[in-house]
Chemist: 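Right, I'll just put the structure down here and ask away after.
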Amino acid sequence: MDERDLIARVRAGDGAAERALYDTHVDRVYRHAYRLTGDDELARDYTQETFVRAFDRLASFRGEAALGTWIHAIATSVVLNGLRKITRFRRRETDLAAADGVPGARRVAEPDLKQRLGQAIEDLPARYRMVFVMHDVEGYTHEEIGTALGVETGTSKARLSRARAKLRVALADFAGEWRT
Amino acid sequence: MDEPNDRFAERLLEAAREYHQPPPTPRDEMWTRIASERRRRREARRLMVTPTWLAWGVGIAAVLALGVGIGRWSARERPAPPWAGPAAGDVALAYHLAATQHFSRTETFLTDFRGAGLDPRFALSARQLLTQTRLMLDSPAADDARLRALLEELELVLAQIAQAAAGDSAERNLIALGLEQRGVLPRLRTAIPAGPGLSTQGAL
């Protein structure tokens, strides 16, 4: 079944077509959400919200981009908004804990490459982290990233370049070891 | 600058591919939840469909409001009567907005709690949210049966989190299971309208 037929059947309320559409795109959406959150529950929540929104809004899908690209734009928006809310909440929580004399939950990174890299990626500003993870970790093209984030392709490239530069600085002490 | 141009960058990319390595996609579990959430939203929309008589009523009210507006405009030279406080509708709207903001904060808190263990920070925040929930329950916001039921559900969950012993993973799991079984998060999300954040500023 081609994509247009599938969309038409979903719009007509065909449950099997809804499941087929979900099965086609769910892996990539879940992986995307998991890579950005590092948390199974959050990734599930964001994936579910993405598909609920996608089904609700499918009537307004005009086919200007591929359906997958459109769904990924929704997923990116859901994840970004969700992470922003959580970041704001955690910041407030940490402030409250500090004011209350409760030790904060900030983890101390171990001198292990994976840990250090993970921490360095998490410390990137969100706009750089998103592009780095999408491009270098998940293999999205700059065109796809541009569509998902609503930015120009050049902006995506510039952000990737800045992200790599920042990681290079953060992991500079591994540089000598890696050259050998 | 698309391709790494040195060994360091290559190794960086190799290591980065292991960043947050996803587990297998829990397809069926998520699909069950999506189908249930869609049913819930459809039902909520069905209940919110405006009956014809109400649509006519709103139309008539709009015409009356326009008439009153024109009347006030044409008589604007006269001295204004003393202010008699906010209209009842404005107050109800303000409480409704405050409840929605409270739901939004609580939803974020519970989402965060579910993904982490019990620690003192959660108890502290739960106590604060619990106080706000109880204030909401005593306010006109709780006159709406649907909001009251949700607020009562939150009161129970937040009280559990506030009283749970830090680091007790069994207790945390029980609370998370309760959240899941009673569908608290989906109900909260349904109660929070989509779109830009609401603000009570100027409503009172």
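Convention: sequence-line order gives letters A, B, ...; per-chain numbering from 1. Note that the structure is a prediction, hence the values are computed from the model and not measured.
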Chemist: Quick one: which of Q48(A), E18(A), R31(A) has the most heavy-atom pairs under 4.5 Å with chain B, could you say?
Modeler: Q48(A)

Chemist: To the nearest 0.5 Å, tell me how far E41(A) CD sits from E180(B) CD.
Modeler: 6.5 Å

Chemist: Hey, which of D27(A), V137(A), L167(A) has the most heavy atom pairs under 4.5 Å with chain B?
Modeler: D27(A)

Chemist: Say you draw a straight line from CG of D136(A) to CZ of R17(B); how long is it, rounded to the nearest 0.5 Å?
Modeler: 7.0 Å

Chemist: To the nearest 0.5 Å, what is the distance between OG1 (T47(A)) and CD (E29(B))?
Modeler: 12.0 Å

Chemist: What's the shortest heavy-atom distance between A16(B) and F132(A), and which atoms?
Modeler: CB-CZ, 3.7 Å

Chemist: Who among V26(A), D45(A), L36(A) has the most heavy-atom pairs with chain B under 4.5 Å?
Modeler: D45(A)

Chemist: Which atoms of Q21(B) are under 4.5 Å from chain A, going by heavy atoms: the side chain, the backbone, both sets, or neither?
Modeler: both

Chemist: Is it the case that atom CD in E152(A) sees more than 12 heavy atoms from other parts of the structure closer than 6.0 Å?
Modeler: no

Chemist: What residue, out of E107(B), E18(B), R33(B), has the most heavy-atom pairs lying under 4.5 Å from chain A?
Modeler: R33(B)

Chemist: Donor-acceptor check, side chain of R44(A) to backbone of M30(B), threshold 3.5 angstrom: yes or no?
Modeler: no

Chemist: Would you say CZ of R162(A) has more than 12 non-hydrogen atoms from neighbouring residues, nucleotides or ligands within 6.0 angstrom?
Modeler: no

Chemist: Do E49(A) and R189(B) sit within salt-bridge range, that is, some charged N less than 4.0 Å from a carboxylate O?
Modeler: no

Chemist: Could you tell me the separation between the CG atom of D28(B) and the CG atom of D23(A), rounded to the nearest 0.5 Å?
Modeler: 8.0 Å

Chemist: If every non-hydrogen atom of P23(B) is compared with every non-hydrogen atom of Y34(A), which pair is closest and at what distance?
Modeler: CD-CE1, 3.5 Å

Chemist: Is chain B contacted by the side chain of V29(A), its backbone, both, or neither, given a heavy-atom distance below 4.5 Å?
Modeler: neither

Chemist: Measuring from atom OH of Y30(A) to atom CZ of R27(B), what distance do you get when rounded to the nearest 0.5 angstrom?
Modeler: 12.5 Å

Chemist: Heavy-atom distance under 4.5 Å to chain A: side chain of P186(B), backbone, both or neither?
Modeler: neither

Chemist: With side-chain contact (heavy atoms from CB on, under 4.5 Å) as the test, would you mind laying out the steps for Y19(B) and E138(A) before giving the verdict?
Modeler: CA-CA 10 Å; Y19(B) 173 70; E138(A) 293 185 74; over 6 Å; no

Chemist: Hey, can you tell me if F55(A) and W31(B) have their rings parallel, tilted or perpendicular (30° and 60° cut-offs)?
Modeler: perpendicular

